[in-house]
Amino acid sequence: MLRLARPRRLKSRASVQLERRPACAGEDWVSQLPKLIDAVCEEWHLSLDDERMAAGAWGVVAWCHTESGLEAALKLCANEQRLSAETNAMLGWGGHPAVRVLAHRPGALLLERARPGRPSRLAPTRLALLLDALHRPTRASRRGLGDWRTSVDSAVTHVPSLQAFGQALLKQGEGRPVVALHGDLQPANILEHRGTIVVIDPVGIAGPRELDVANAALQNNWGEDSSARIRRLANLTGTDQAFAVAFGQFSAMYAALAPRH
């Protein structure tokens, strides 16, 4: 039987190199990062592939191997609540159509690495099928997820001029079925993996399907204006076109008006 070569285990992580500092992570968290990496690697018996780590807004991602030789991605986040919501969404999908969760603890998430992991801009029909697979109307899928209404309230807090629009959206959303949403279906979060499509990096919220429909249509351009894309995707998913377009307009206005930090 072919034996997998055991990956190199870094003896010290004091020299961990970040491509850039996470924009929303505090100095204390960054300074403790080497110790956190050591603790997680010891607990989960991981071997880092090298000392370079990619940085996101709230944390870092390192490529690694498990003790059995499985390729994995280690995600460490300064905001434990955000990572917990992401983890709960991934666990709710159970490895389809999201990548598989291998281990998790507060502030840390270990995922199976998607290979080849190519970002995919899906055609409308394929994107609709992906949304159908993600939107599971089960109570279990809502456990530990953020509330879409809190996201709307937060947007209004940052941009008070959107208050009337936000209140109208909340009223429109009353009584609609609530499912687990991805919340950020940009092509970089939709990957080819072993001939199938998988998702990574969900926001981890629960809400009406139309929120994901609008978000996905806004972030995947098929050569039409944004409202036309939203209506097309809403039609393919059997969701409310008017509500989806309204949420898309709200999101676009927030993106244009929100203060940059």
If every non-hydrogen atom of Phe243 is compared with every non-hydrogen atom of Gly173, which pair is closest and at what distance?
CZ-CA, 3.9 Å

Minimum heavy-atom separation for Ala85 and Leu145, please, with both atom names.
O-CD2, 3.5 Å

Check: Leu185 and Gln219 side chains under 4.5 Å, non-hydrogen atoms:
no

Under the side chain to side chain contact (heavy atoms under 4.5 Å, CB included) criterion, do Asn189 and Ile200 qualify, and how do the steps go?
CA-CA 5 Å; Asn189 291 336; Ile200 59 171; 3.9 Å; yes

Is any side-chain heavy atom of Leu109 closer than 4.5 Å to a side-chain heavy atom of Leu111?
yes

By side-chain contact (heavy atoms from CB on, under 4.5 Å), which residues pair with Arg121, not counting sequence neighbours?
Pro187, Asn220

Do Asp212 and His135 have side-chain N/O donor and acceptor atoms under 3.5 Å apart?
yes

Without swapping roles, check the side chain of Ser154 against the backbone of Thr150 for a donor-acceptor pair under 3.5 Å.
no

For Leu169 and Trp148, the nearest pair of non-hydrogen atoms, with its separation, is O-CH2, 3.8 Å

Report yes or no: does Asp184 contribute a side-chain atom to a donor-acceptor pair with the main-chain N or O of Val203 at less than 3.5 Å?
no

Does a side-chain N-to-carboxylate-O contact under 4.0 Å join Glu112 and Arg194?
yes

Closest heavy-atom contact between Arg149 and Leu170?
CG-CD2, 3.5 Å

Counting neighbours of CZ on Arg118 that are heavy atoms of other residues, nucleotides or ligands and sit closer than 6.0 Å, is the number greater than 12?
no

Please find the pair of heavy atoms, one from Ala216 and one from Leu131, that lie closest to each other, and give the distance.
CB-CD1, 4.4 Å

Mind listing the side-chain donor-acceptor pairs of residues 69-76 below 3.5 Å, one per line with the distance, residues two or more places apart or on another chain?
from	atom 1	to	atom 2	distance (Å)
Glu71	OE1	Arg115	NE	3.2
Glu71	OE2	Arg115	NE	3.3
Glu71	OE2	Arg115	NH2	2.9
Lys75	NZ	Glu86	OE1	3.0
Lys75	NZ	Glu86	OE2	3.0
Lys75	NZ	Asp201	OD1	2.7

May I ask you to decide if Leu211's main-chain N or O and Asn215's side chain share a donor-acceptor pair within less than 3.5 Å?
no

Which atom pair, heavy atoms only, marks the closest approach of Leu257 to Ser161?
CD1-OG, 4.0 Å

Any ion pair linking Arg209 and Asp240 (charged N to carboxylate O, less than 4.0 Å)?
no

Just distance, no hydrogens or angles: give the donor-acceptor pairs under 3.5 Å from side chains in residues 25-37, sequence neighbours left out.
from	atom 1	to	atom 2	distance (Å)
Glu27	OE1	Arg21	NH1	2.7
Ser31	OG	Glu27	O	3.3
Ser31	OG	Asp28	O	2.7

Going through the checks in order, is the side chain to side chain contact (heavy atoms under 4.5 Å, CB included) test met by Asp147 and Ser151?
CA-CA 7 Å; Asp147 191 320; Ser151 299; over 6 Å; no

Determine whether Ile230 and Gln241 satisfy the following criterion, side chain to side chain contact (heavy atoms under 4.5 Å, CB included), listing intermediate values before the conclusion.
CA-CA 7 Å; Ile230 293 172; Gln241 291 188 20; over 6 Å; no

A quick test of your reading: do over 12 heavy atoms of other residues, nucleotides or ligands sit less than 6.0 Å from CD of Glu224?
yes

Measuring only between side-chain heavy atoms, which start at C-beta, is Pro97 closer than 4.5 Å to Leu130?
yes

Please list, chain by chain and in numerical order, all residues satisfying salt bridge (charged side-chain N to carboxylate O under 4.0 Å, His left out) with Glu80, sequence neighbours excluded.
none

Derivation of the side chain to side chain contact (heavy atoms under 4.5 Å, CB included) call for Leu191 and Ser120:
CA-CA 6 Å; Leu191 305 178; Ser120 298; 5.9 Å; no

Could you name each residue pair satisfying ring-ring contact (aromatic ring centres under 6.0 Å, His included) that touches residues 86-115, not counting sequence neighbours?
none

Can you name the side chain to side chain donor-acceptor pair (under 3.5 Å) partners of Gln172, sequence neighbours left out?
none

Give a yes or no on whether Gln81 atom CD has more than 12 heavy-atom contacts from other residues, nucleotides or ligands under 6.0 Å away.
no

